[in-house]
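These notes concern the structure reproduced below.
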Amino acid sequence: MKFKSIISQRSFWKSVVWLGLSFLVLYNVITIFFEYGEFAFTTFFEERTADGKWIRFIIGQLLAAFLYGFILAFGQFQTRQKKE
């Protein structure tokens, strides 16, 4: 019952989106910096999307962002419900 009450809240889904997007940006920036030693955005995206791999790259990024955002937001909302 708690699961349904949490996911039915509009604020939960806003948190999922913002946490997911924040994760996506930070993860990619950190990955770029560690792999190239500088912020080589163009090289990073050219390598990831070469040879028709752009669909897989985008789907993977969005799926990872959604899962990260969902898990963190759910934990936050569940903790908030327990305190009430």
Side-chain angles (χ1 to χ4, degrees):
M1 193 62 152
K2 289 181 182 181
F3 181 78
K4 285 184 180 181
S5 68
I6 290 174
I7 65 168
S8 64
Q9 297 176 28
R10 186 174 176 91
S11 59
F12 168 76
W13 292 106
K14 285 182 182 180
S15 292
V16 169
V17 169
W18 286 113
L19 287 169
L21 289 176
S22 300
F23 165 76
L24 190 65
V25 170
L26 285 174
Y27 175 77
N28 284 319
V29 167
I30 292 169
T31 301
I32 291 168
F33 188 71
F34 282 149
E35 285 188 19
Y36 302 105
E38 62 183 4
F39 294 112
F41 294 104
T42 307
T43 307
F44 175 77
F45 289 109
E46 284 176 356
E47 286 182 4
R48 297 297 193 276
T49 59
D51 301 326
K53 294 188 287 185
W54 65 273
I55 294 174
R56 189 174 87 184
F57 175 73
I58 291 173
I59 291 172
Q61 293 285 307
L62 292 176
L63 183 61
F66 172 76
L67 288 174
Y68 181 83
F70 188 88
I71 291 167
L72 282 183
F74 188 78
Q76 289 174 349
F77 277 73
Q78 189 175 26
T79 302
R80 188 180 306 154
Q81 273 191 350
K82 283 183 180 180
K83 286 182 181 180
E84 292 174 357

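All heavy atoms count here, side chains included; hydrogens, waters and symmetry mates do not.
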Separation of L24 CG from L19 CG (nearest 0.5 Å): 12.5 Å
Spacing of CG belonging to L63 relative to CD1 belonging to I59, to within rounding of 0.5 Å: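 L63 atom CG to I59 atom CD1 measures 9.0 Å (nearest 0.5 Å).
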Is [X] linked to [Y] within one hydrophobic cluster, defined over Ile, Leu, Val, Met, Phe, Trp and Tyr using a side-chain heavy-atom separation of less than 4.5 Å?
X	Y	result
L62	L26	no
I6	F66	yes
V25	I30	yes

With sequence neighbours excluded, residues passing salt bridge (Lys or Arg N to Asp or Glu O under 4.0 Å) with E35: R48
Sequence neighbours excluded - side chain to side chain donor-acceptor pair (under 3.5 Å) pairs with any residue from residues 13-31: N28-Q61
Set of residues satisfying side chain to side chain donor-acceptor pair (under 3.5 Å) with respect to E47, sequence neighbours excluded: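 Once residues adjacent in sequence are excluded, the partners of E47 under the side chain to side chain donor-acceptor pair (under 3.5 Å) criterion are Y36.
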For F41, all residues meeting side chain to side chain contact (heavy atoms under 4.5 Å, CB included), sequence neighbours excluded: V29, I32, F39, F45
Please list every donor-acceptor pair under 3.5 Å in which a side-chain atom of residues 68-81 meets a protein atom from a residue at least two apart or in another chain.
residue, atom, partner, partner atom, Å
T79, OG1, G75, O, 2.8
Q81, NE2, S5, OG, 3.1

Qualifying salt bridge (charged side-chain N to carboxylate O under 4.0 Å, His left out) pairs with a residue from residues 53-78, counting only residues at least two apart or across chains: none
Sequence neighbours excluded - salt bridge (charged side-chain N to carboxylate O under 4.0 Å, His left out) pairs with any residue from residues 15-29: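 Sorted result for residues 15-29: empty, none.
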